[in-house]
Each structure stands twice: as structure tokens, then as C-alpha cells.
*Asks:* 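What follows is a single structure, and I will ask about it in a moment.
In what follows, chains carry the letters A, B, and so on, assigned in the order in which the sequence lines appear, proteins first and then strands, with residues in each chain numbered from 1.
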Protein chains: 2
Amino acid sequence: MRMLRINGSRLLEDLKELGRIGGTPDGGVSRPAMSPADVAGREWYRGRVEAAGLHFREDSAGNLSAVLAADDPTARTLLTGSHLDTVPNGGRFDGALGALAALEALRTIREADLRLPVHLEAMSFTDEEGEMQDLLGSRALAGTLTSRDLDQARRGREELGAGMRRLGITPQGILAARREPQDLVAFVELHIEQGARLEATGVDIGVVTSIVGIRSHWLRFVGQAAHAGTAPMDERRDALWGAAAFVRDAWELVMSRFSPGVVNCGQIHVQPGAFNIVPAEVRLALELRHGTEPLLDEMEDALLGLAEEVARGHHLALETEPAAQCISASMNETIMEAIEKAATELGLRHMRLMSFAGHDTQAMSAITPSGMLFVPSVDGISHSPSEFTRPEDLLNGANTLLHTLLELVPGSG
Amino acid sequence: MRMLRINGSRLLEDLKELGRIGGTPDGGVSRPAMSPADVAGREWYRGRVEAAGLHFREDSAGNLSAVLAADDPTARTLLTGSHLDTVPNGGRFDGALGALAALEALRTIREADLRLPVHLEAMSFTDEEGEMQDLLGSRALAGTLTSRDLDQARRGREELGAGMRRLGITPQGILAARREPQDLVAFVELHIEQGARLEATGVDIGVVTSIVGIRSHWLRFVGQAAHAGTAPMDERRDALWGAAAFVRDAWELVMSRFSPGVVNCGQIHVQPGAFNIVPAEVRLALELRHGTEPLLDEMEDALLGLAEEVARGHHLALETEPAAQCISASMNETIMEAIEKAATELGLRHMRLMSFAGHDTQAMSAITPSGMLFVPSVDGISHSPSEFTRPEDLLNGANTLLHTLLELVPGSG
């Protein structure tokens, strides 16, 4: 078993073929969840699963899987996988690697004719990227998605309806897709890092310790519109002046006190919005990420406190409105050690790190012990046609995933 | 002549009547240039001019006037006036005071049967507020408006066409409305301050020394979009972080080095604009105002230099694109002294100050010696239904205007 390796050229060929579905001229991929391109990608996946002699399964939330059943039909299931959907104009490896490496691991195990005491299931979750809702499929499977989440679909109810029809699923089905924890052994996901830490340190495999929690808020700074000529500067209640001071100070606060936690202000809207009118109101999108809930609490308090202080200092009113949030997820120690053991035995360097992006594993950790491993992203680029991971890293990741799964099979140790 | 006073109750009644045309429930006025309400206001004005026994005149740019002719038909003309149009949802005094006080001054002089060696003409200029173009009518009269200005009408060619048809004017007519400098003696405008300096210092009459020039630019800060979780903060090229630092530093720079010059950033747009994406690009509207062209040059250099420095410090590219500009106008010293003499003789306190808002006087100063006087605005509020000037200040202003005109009649000194 120790000498078992995935079929590298088959995996690379699969990645290449899938990358052509929704492929863009600049080498990127646009295969947003529930789009016609996504439907085509799903069809292609089904064909690959069936060609491999694996059982193809689709649950009521549109999650696809390849199943390699154990001899004992009452056995529990060891899950692995990722997602087939991409952001608009994204890359070829985000999601695709984890989904296809999971399929490849099952093919490899089947070809080696290993008889395992658990079912193996390679997942491709619906809408990880949040075209409608972040981690839609994995949250549905974990039972943490609500009808309110569907009501607040990012592209609206109508687009969600059209998308569900394309996939042949319904809201009722999505909300009924929950799996029973006692039927599951664990979940493991392979993914590209989407950062540059592995590349910078020359490490092959990243062992994820936690997936960051995300808190987000709309901040509304309210001052008073005024004539941009006649209102003396020291009497203005300029909402943009205050918001700008907040953005600058928030950066400094987070870098000095909360690193490696991160903050982003990704949207800003000013009213009334004219060259010659002092801004009366600014709406600013604030997002913060950190590895644990206590750190998130502390960081959120500090940032909202700063916003209040800055607003006061600029004679502005401040209103805050929570937006989406995502609870941080700690990875299972046993799985982290299994990944490390698998990597070591393959002669690969590994390090522990935190994931600053959300992943299906975050949702899965709510119902089963979960773990995650990363391979290097060249220049850390992701969600872009320039996203790239070298072939040897793709194969290192897939082999480490294979051996991690074998480590996690009950009784294997 | 020194004892001559305008008819205060008649002027207040006129202001009240005009304020009802386009009047809004909250006490404001919406009478944008070329709108049906503006047409109604112009019709009402014509009636008032004719009822006063003055000659009604309308030039080919739609500027309206009341003329009190001298006995000598070859005499030059002493001009006064302001505008009847308002910003949408504006106030009752901005423009209306100067236009109706000018009419009242002519009525008063006619009733006193003073025989002056100049024609007197009370103007109501078309579209001072720039519904289509700032100072459209007065720039047409001064000969500084171009066909390019009309092509770039703020509300577009179609709306301009519809508006001109409502007024019965044409582009050709607008561009042919220039008056000959040798036919003119001077121009004087009474206006509300639209600031709080007179009120704060308890002064009755403001003697304008210059009308600020305005320079405006679009600043484009260009960084790189990145994942708001996985991109480490110290490696980001966040366009909003840079733009925010610029806004804050620009304020401090102007307040410390260029006061009473002012700066405003009234619009900001961020791309791609999502909670979870580091801003790749920010477009920021920058407007600066100061009293003279050399000061404007210096201030513009300092601000654009700051933008470059901030961009460099944040690893951003910077592109700048000039937007509208308006040349500063120095007021005529003889007219300033005439205003001061008139105010003093009326027992009114006066002070010299700069105008931070644009006015028709700015355009008129290009063809004839020009001057301007302000009366206090309560709380400095303008372009708002809350705009207010106390009746005694309205009448003080009108009487000072009357005596300034009499001072400026050649041979009157």
C-alpha cells in the first residue's frame, strides 16, 4: 500500500479537459455554479465517474459524487473532494484539483483492488464560490443551510430559480440534503493554497490548522452635505474624510495588533456624489478574517471601536449593520497528523498554516472530523486566469491525499 | 439722492411670490433652468418688469432684463442682476435676491425720477446653476461660452434641445449673445453669502474681493485585485488604502498650507467592488478652490504631487485626468470701494471677503469691471430648502446695491 501512487498523466489530462469547459481565451475558466458551463462540467464529470467503474451519485442539493463501496453495505463513509464551479473568469485549479484528485484517488484504490472497511466517496459540491450562497452544497450536506439563506441568494431569487432548474434541484431538496454524522468517518479536501506562503518557503504540502472565520459589516458614516466652496474646511462634517481616516487607521491597527488576521474594505459608496458637494454619507464594506472566534471577537471590537472613535473625531454619526459571517473552523488533529505522515512518507516537506479563504471543509467540519491540505500556488495568484500550480505539485497533492485517506481508514494504523 | 431707499415691502412681496413658483412643501424651491417651473418664473418676471413701466428685454441666450433707459440713446449701460433659476430642491434667495433687488433698484430710481447719464439694466441670467452649463447666460453675454460647452451640456444634448425649445432659444442664438465691452460701464451683483462668515462676525455686508477659481481632476489609483483572505496585508496593492491615505493627507495639506483655499473629494468609485476582493482600482473626484491663479497653481501642484507620493508609497499607479475648471476672478477695486462707501453711508458694517462659490459676476468680469456684495446667510446654509436670509439683511443688501449703482454712475462721484 505504501508504494501506491495515483496515475499522474490521467489526473493531468482530466484537469486539462475540465479546464476547456467554460475555458476563456486567456487560459482562465468561467464556470459559475448553475450556469450552462457548470452543467456541461457536471455532465463531463459524470462521464468520467462512470468510465472509471465507480458509482455516480447526485444528492438533492446537486452535490455530485463518485462512490467506491465497501463490501459491507452498512459501513461508514470516508469523504473527500472539493468543487467543480469557478468564480467568473477564474482559474483552472481552484476546486477542480480537489474534486478530480479525489476521483483519481478512488480510481487508484479500485484499480489496486484494495478492500477497505469503509465506503469511499469523492465529492463535487454545488456552488462553493457563492454564486448564490457561499458553500451552498456543503452547507446543505452539513445541514447548516437555511431557507433564509436561499431567500437571500446573492443573484436574487429569480436567478436562483433558473439555476436550480438547470441542475434539476429544488429549494426543498437543497434543505433536505443533510447527511447523518454517524454515517461518516471524516472529510479531507485537497486545494491550491491561493496564497504564496508555501512557495515562499519552498514547502510542498500545507497542513491546514484552521479555516478563518469571516465577519463583515456595512459601516455608514453620516455627516452633512455642504457646498464644496463656501463651507470652511474646519466646519465640514465630511463623511468621506472620516471614512478615509478609518480605512487608513484600520489597516494600521490590524497589521500592528492582529497579524496574520486581515481586514478589507472592498466597497465604498458616497452620497450625494458630486465634485462640488461635500459628502454627506459614506457606506463602507468592512470584512475581517482571523483563525479563531475569540480573536475575531477581539478584532471586531477593536475595529468597530475605531470606527466610532474616528466618526466622533470627525463629527459624524456612525451606523453599523452586520453582513455575512462565517464561523472559523479548527481542523481535526488526527487528520492533520495523517496528512503529515502521508507527506513524510512520500518525501515531501510540509508545514502547518491557516487558511484565509473559505472552503467546503469549513462547512463539513460541522458534521464530521475534517482536514485540509494545500499545494503551492505560483505567485499566490487565484480567482484569476493567471492561477497556476506546477504539475509536480498537483501530483504531490493527489498522492498525499491518497495516502491520507488510507491512513484514515479505520484499523489502518 | 443719499436718502433714497428701495421699497422694502415690495421687494419682500416679490421674493415671496417668486418663491411660490416651483415651491416645494418644505419651503424650498425647485426651479432648474429651462424647466417648466423656470419658464413660469420667467413669465412672472416679465410681468413684474412691465408692471413697473420698465422696458423688458430678452437676448438670444435667454437672458432677461429690465431696462431703464437714459435720455441719450448712445449712452453706455450699467448692469446689475443675478439669476432666477435654482438648483433642484434649492432655496428662495440664491439668485432671486440679486435679480429682484436689481429690479427694485431700477423701480426706485425710476420712481425718484432720477435722470442718469447711463442706461440701467437689471439682468436675470440663464442657467447660472449649470443645469446645462455653469453660468451659461452670463458666459454667453461675455462671449466666453463655446459650442463645445453646449456639446457637453451636463444633462446631454437632447435635454438641452428640449430646454432651449421651452425658452425659444437656439445654440446659434446663445453663441451670438455677446455684448460689446465698450457699451458697458460695469456689473454689480448682490447675492446671499452661502457661507457663515458674515453671520459669525456680525457684519452686514460682504465686499467680495475675488471669486475663487476651481480646478478639478479625476484621480485613478491602480493597484491589483486580490483575495481579501489569502493575500497577506503587507503584500497587497490596495487601491482604496492608497486613496484613503490621499484623502486624509490632502485635507491636512490644504488646511495647514493653503487656508482659506479648500479641497473636496466628492465622488469615489472602487473596482471590482466586493466585500471579499481587495480593491484593484479607485477613481476619486478631486476639486480645489482658491482666490488667485498663482495660488491655484501652487495648490494643484502640491495635491497632485501628494497623490503621486501616496501612490508610490502604496505600490499603486496613478493616472490623473483634468475635469472642469473655472478661472478665478478678481473684483474691481473701484467697485469694491463704491460698495464700502454705500454701506458706510447706510450705517452698515462691512468686510472684504473671498467668494468660494461661482457666480455670474465671474463671467461678467471678463468683459466689464465687476463687483459683488454679499448679505448674511443664516447658518451659512444654501442649495437647500433651509436656506434663509433675514428680511432686514435682504433690505440692507438691496439698499447697498442701489447706492453702489448710484456711486458708479459716471460723474456721480
*Asks:* Heavy-atom distance under 4.5 Å to chain A: side chain of B:Met233, backbone, both or neither?
*Replies:*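 Interface part for B:Met233: both.
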*Asks:* Sort by residue number and list every residue of residues 258-269 of chain B having at least one heavy atom under 4.5 Å from chain A.
*Replies:*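 B:Gly261, B:Val262, B:Val263, B:Asn264, B:Cys265, B:Gly266, B:Gln267, B:Ile268 fall under the 4.5 Å cut-off.
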*Asks:* Between B:Leu284 and chain A, which part of the residue has a heavy atom less than 4.5 Å away: side chain, backbone, both or neither?
*Replies:*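 Answer is side chain: those atoms of B:Leu284 sit under 4.5 Å from chain A.
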*Asks:* Under 4.5 Å from any heavy atom of chain A, what part of B:Val212 do you find: side chain, backbone, both or neither?
*Replies:*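 Interface part for B:Val212: neither.
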*Asks:* Among B:Met255, B:Arg289, B:Glu235, which residue forms the greatest number of heavy-atom pairs with chain A at distances under 4.5 Å?
*Replies:*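 The candidate making the most pairs under 4.5 Å is B:Arg289.
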*Asks:* Among B:Trp218, B:Trp241, B:Phe246, which residue forms the greatest number of heavy-atom pairs with chain A at distances under 4.5 Å?
*Replies:*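 Option with the top pair count is B:Trp241.
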*Asks:* Looking at B:Met354, B:Gln224, B:Arg236, which has the largest count of heavy-atom pairs under 4.5 Å with chain A?
*Replies:*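 Between B:Met354, B:Gln224, B:Arg236, the count favours B:Arg236.
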*Asks:* Quick check for you: among B:Val247, B:Val282, B:Ile381, which has the greatest number of heavy-atom pairs under 4.5 Å with chain A?
*Replies:*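 The option with the most such pairs is B:Val247.
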*Asks:* Are A:Asp249 and B:Arg248 packed together at the side-chain level, in the sense that at least one heavy-atom pair is separated by less than 4.5 angstrom?
*Replies:*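 A:Asp249 vs B:Arg248: side chains touch.
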*Asks:* Considering only heavy atoms, which portion of B:Ala243 lies under 4.5 Å from any heavy atom of chain A: side chain, backbone, both, or neither?
*Replies:*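 The answer is neither part of B:Ala243.
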*Asks:* Quick check for you: among B:Pro279, B:Ser382, B:Gly195, which has the greatest number of heavy-atom pairs under 4.5 Å with chain A?
*Replies:*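 If we count pairs closer than 4.5 Å to chain A, B:Pro279 comes out on top.
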*Asks:* Is B:Glu193 close to chain A through its backbone or its side chain, or both, or neither, when contacts mean heavy atoms under 4.5 Å?
*Replies:*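 Backbone only.
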*Asks:* Does some side-chain heavy atom of A:Ile214 sit less than 4.5 Å from a side-chain heavy atom of B:Phe275?
*Replies:*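 Answer no - side chains too far apart.
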*Asks:* Examine whether an atom of A:Ala323 lies under 4.5 Å from a heavy atom of chain B, and if so say whether it belongs to the side chain, the backbone or both; otherwise answer neither.
*Replies:*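 The side chain, not the backbone.
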*Asks:* Could you give the distance from NE2 (B:His227) to OG (A:Ser377), rounded to the nearest 0.5 Å?
*Replies:*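 The OG atom of A:Ser377 is 10.5 Å from NE2 of B:His227, to the nearest 0.5 Å.
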*Asks:* Which one wins on heavy-atom pair count under 4.5 Å against chain A: B:Gly242, B:Ala196, B:Ala357?
*Replies:*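 Of the candidates given, the most pairs with chain A belong to B:Ala357.
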*Asks:* Less than 4.5 Å apart, side chain to side chain, heavy atoms only: is that true for A:His383 and B:Thr230?
*Replies:*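 No, too far: nothing below the 4.5 Å cut-off.
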*Asks:* Out of curiosity, B:Phe356 CZ to A:Asn276 CG, how far, rounded to the nearest 0.5 Å?
*Replies:*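 Output value for this atom pair is 15.0 Å.
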*Asks:* Is the number of heavy atoms from other residues, nucleotides or ligands under 6.0 Å of B:Leu304 CG greater than 12?
*Replies:*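 Enclosed: over 12 neighbouring heavy atoms sit under 6.0 Å from CG of B:Leu304.
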*Asks:* Report which part of A:His217 has an atom under 4.5 Å of a heavy atom belonging to chain B: side chain, backbone, both, or neither.
*Replies:*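 Looking at A:His217, just its backbone touches chain B.
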*Asks:* Of the backbone (N, CA, C, O) and the side chain (C-beta and beyond), which part of B:Leu288 lies under 4.5 Å from a heavy atom of chain A, both, or neither?
*Replies:*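 Interface part for B:Leu288: neither.
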*Asks:* If you count heavy atoms of other groups shown closer than 6.0 angstrom to CD1 of A:Ile327, is the number above 12?
*Replies:*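 Count not over threshold, so no.
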